[in-house]
Amino acid sequence: MAIPVLDVDNLVVSFGTREGELTAVNGVTFQVHAGEVLGLVGESGSGKSVTGLAVMGLIDAPGRIASGSIKLLGEELVGRSERELRAIRGKRIAMIFQDPMTTLNPVLRIDTQMIEAIRAHESVSEKAARDRARQALAQVGIPSPEERLNAYPHQFSGGMRQRVAIATALLNRPAVLVADEPTTALDVTIQAQILAEVQTLAADHGTAMVWITHDLSVVAGLADRIAVMYSGRIVETGPVEGVLDAPIHPYTNGLIGSVPSRNRRGVPLAQIPGMAPSLARVPPGCPFNPRCARATATCRADMPGPTLYEGDRMARCHHPVPAPESAAA
Amino acid sequence: MLVYLIRRLSQSLLVVAVMATLVFLAVYAVGNPVDILANPDADQQERAAITARLGLDRPLYEQFGVFIWNALHGDLGRSFVYNAPAVDVILERLPATMELALVGLVFSILIGIPLGVLAGLKPESWFGRTIMSGSILGFSLPNFWIGLMLILLFAVELKLLPASGRGPTASVLGFKTAMFTWEGLKHLILPAVTLALYKAALVVRVAQAGTREVMLQDYIRFARAKGLSPLRIVGVHVLKNMMIPVVTVLGLELGSMIAFAVVTESVFAYPGMGKLLIDSINRLDRPIIVAYLMMTVVIFVVINLVVDLLYAAIDPRVRLSDAKG
Ligand SMILES: Nc1ncnc2c1ncn2[C@@H]1O[C@H](COP(=O)(O)OP(=O)(O)O)[C@@H](O)[C@H]1O
Ligand code: SF4
Ligand SMILES: [Mg+2]
């Protein structure tokens, strides 16, 4: 098999705080291949954004990458100088963020913000960069792109702004795109349109994508593989159909139970009981044990290690959920 | 933009009209305007002439009309001391004060913005803290004391700069100004720095707070994710957003800088409007005081108008809201 575009191995990110050293990402491992979409799923606070920022080399003090490796096409990124990372950021790895209303600078025109993204990495003429920006806007479905280049962000709707951000991120044809809940703030119809467009773009360019979301239904249609995060760890990973059809980890099972189905949209979801633990008070053993119906004394004492399962899957659980009876579906 | 301009202009006219009414009421309707507007040494004949000119025997609204009519024709009375129209006497001093305020403004921007941005980028560092503590000093030291200290140091001890007065003027674009001669600039430096220190301290604080806030915004994170250099991020993305509160504050403060250059001008015996006002109060030259009040109002209004336009130039969202409104 070809080497992965993005290869994250045993990544640990911690923050020095008043309460001591808090580990937000604790031994995360995943690979993404060209043209593949990895859905990184988990509740708020599970460490998804920190993982994405670490891949970008954007962890600021008091945070740091304590250990682990992040390889881009086999090339180690951890430990690189800020200058080297800057040449990679936006050029080979790009990132888009959650709130489309705030990711574009309100006082700069769209063309300024797109052209600078090109010219930070290539010495091309203003005009050539502008042409590329216009094409990129057209590609993400923005009507009359030439005119829109001269507009300011407030003249766009939320969905259009996120399209502009996506177009900007893809300007330099990055090998990796990290998307941190980019459609969460948008309404469902626009979300679906954008997901479809991004999927086409990524497939055309062979971009490896890490799509971060807390919403399993988003990943179901988009991702090839899923990694479920809980309390800074990936607790289950595997191909999307396998994980969604037969979750192994009780947390994944709970997440699936809380996805709104088509006929009960708007009805409050069956939430997983309790709250994700704060980083300062992670319980001993399996961090999910206070909320887990299957928890036993073993769970409260020992942290479950990664176990491999059939179908290219992994989960960390002492008492995996039994596979559903094929007849019972 | 045009609609916005017209609306702002009519608001400005309204403000001037209201202020004119207040000045009229204060000077004419309360007390005897002849006492206020006539030279204390005037004889019976002169007093009668003023009474007739102002039409004091007529009803108040008619008097108001006459006052406005005269004011519109640039007639706000005649100075006893200079024996010339009060407006002319003030206008003659206006360039000196404008010059002082302008150079002071430039100083406060040149000092305040770089220090404020640096302190905002690294608020926890020792120099960030030092700058912020220093700005408190700039706030709390009295203006006249700073002026005297500067005179002592640079004029008396080091003999580098003149202690008082205004330098020779040259005519630039029809204005008589001392800003473009070396001698003139040398006279401006000390009073302008004195006037600027307080404002610079203010700008430092506003710029620091603005920079800190802007640095936390998602668009800065996105700019970094694009791989932009720190110079581009700070120089374009941060600066342009951070300037919005700074322009607001400076706009408000420029007016007060012109109007209240009084102390600085007195300390440096600088022949501007502020010193004229103090002199006129001492000599009971009341028409000058009336004219000063009216002209200060006009200056304030004009500055506010300019600031609003500048604001629209920096912040595209202001332009939008006016297009809707
Ligand atoms: N700058 C920081 N300082 C201290 N803790 C942080 C910082 N950024 C994130 N964290 C902590 O890291 C954990 C994971 O955060 P995050 O990755 O943003 O979660 P998610 O994106 O999954 O919602 C949270 O508990 C959060 O409090
Ligand atoms: S290890 Fe135990 S507590 Fe943790 S998820 Fe599995 S069953 Fe639940
Ligand atoms: Mg997040």
Side-chain angles (χ1 to χ4, degrees), chain A residues 49 52-53 55-58 60-62 82-110 112-122 150-155 161 164-165 168-169 171-172 174 177-180 182 185, chain B residues 1 4 113 117 120-126 128 207 210-248 308-325:
Chain A
S49 297
L53 290 171
V55 168
M56 291 299 290
L58 283 177
D60 293 321
E82 173 62 23
R83 206 190 159 79
E84 289 172 309
L85 287 174
R86 209 190 311 142
I88 293 168
R89 261 182 230 141
K91 172 76 178 166
R92 300 176 63 198
I93 308 183
M95 185 161 181
I96 49 178
F97 298 93
Q98 176 164 351
D99 190 350
M101 298 316 244
T102 57
T103 42
L104 297 173
N105 193 323
V107 301
L108 298 178
R109 286 192 341 201
I110 299 302
T112 312
Q113 302 193 49
M114 293 186 80
I115 289 170
E116 70 179 2
I118 298 175
R119 306 231 301 175
H121 300 286
E122 271 174 73
N150 292 328
Y152 286 93
H154 69 255
Q155 294 164 315
R161 277 193 222 190
V164 172
T168 307
L171 274 173
N172 295 315
L177 176 67
V178 180
D180 191 355
Chain B
M1 203 65 207
Y4 179 66
I113 290 181
V117 170
L121 289 176
K122 293 254 191 277
E124 304 298 333
S125 66
W126 65 265
T211 303
R212 280 183 80 166
E213 199 194 311
V214 170
M215 281 308 285
L216 297 176
Q217 299 299 312
D218 285 351
Y219 54 77
I220 296 299
R221 191 180 259 183
F222 190 52
R224 292 176 67 202
K226 290 194 284 191
L228 303 186
S229 68
L231 195 68
R232 169 106 196 158
I233 292 177
V234 174
V236 176
H237 288 257
V238 175
L239 211 59
K240 254 202 123 178
N241 282 283
M242 184 280 286
M243 280 310 282
I244 295 170
V246 172
V247 165
T248 313
D308 274 6
L309 296 180
L310 211 62
Y311 213 63
I314 297 182
D315 191 343
R317 290 163 295 187
V318 174
R319 273 171 265 167
L320 173 85
S321 61
D322 99 63
K324 279 179 180 163

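Throughout, protein chains are lettered first and strands after them, A, B, ... in sequence-line order, and every chain is numbered starting at 1. Note that the structure is predicted; figures quoted are calculated from it, not measured.
Within the 4.5 angstrom heavy-atom criterion, atoms from both the backbone and the side chain of A:Leu104 approach chain B. Proximity to chain B involves both the backbone and the side chain of A:Gln113, based on heavy atoms less than 4.5 angstrom apart. If you measure heavy-atom distances from B:Ile220 to chain A, you find no contacts under 4.5 Å at all. Only the side chain of A:Asp60 comes within less than 4.5 Å of a heavy atom of chain B; its backbone N, CA, C and O stay farther away.
A distance of 6.0 Å separates CE in A:Met95 from OG in A:Ser49, rounded to the nearest 0.5 Å. A:Asp180 contributes atom CG, which lies 11.0 Å from atom OG1 of A:Thr103 (distance to the nearest 0.5 angstrom). Atom OH of B:Tyr219 sits about 12.5 Å away from atom CG of A:Asp99, to the nearest 0.5 Å.
Among B:Ala225, B:Ser229, B:Pro230, the residue making the largest number of heavy-atom pairs under 4.5 Å with chain A is B:Ala225. With respect to chain B, the highest number of heavy-atom pairs below 4.5 Å among A:Gly57, A:Ala165, A:Pro153 belongs to A:Ala165.
Counting non-hydrogen atoms of neighbouring residues, nucleotides and ligands closer than 6.0 angstrom, the CG atom of B:Leu216 exceeds 12 such neighbours. Counted within 6.0 Å of CZ on B:Arg221, heavy atoms from surrounding residues, nucleotides or ligands total 12 or fewer; the atom is thus considered open.
Residues in residues 225-234 of chain B take part in these salt bridge (Lys or Arg N to Asp or Glu O under 4.0 Å) pairs, two or more places apart or across chains: A:Glu116-B:Lys226, A:Glu116-B:Arg232.
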Item to check | B:His237 vs B:Leu228, side-chain contact (heavy atoms from CB on, under 4.5 Å): CA-CA, chis, key distance, verdict | outcome: CA-CA 10 Å; B:His237 288 257; B:Leu228 303 186; 3.6 Å; yes

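Nearest heavy-atom pair, A:Asn172 versus A:Ile118, reported as atom, atom and distance to 0.1 Å: OD1-CA, 3.8 Å. When all heavy atoms of A:Tyr152 and A:Val107 are compared, the closest pair comes out as CE2-O, 3.5 Å.
The stretch residues 82-92 of chain A places A:Arg86, A:Arg89, A:Gly90 near chain B, each with some heavy atom under 4.5 Å from a heavy atom of that chain.
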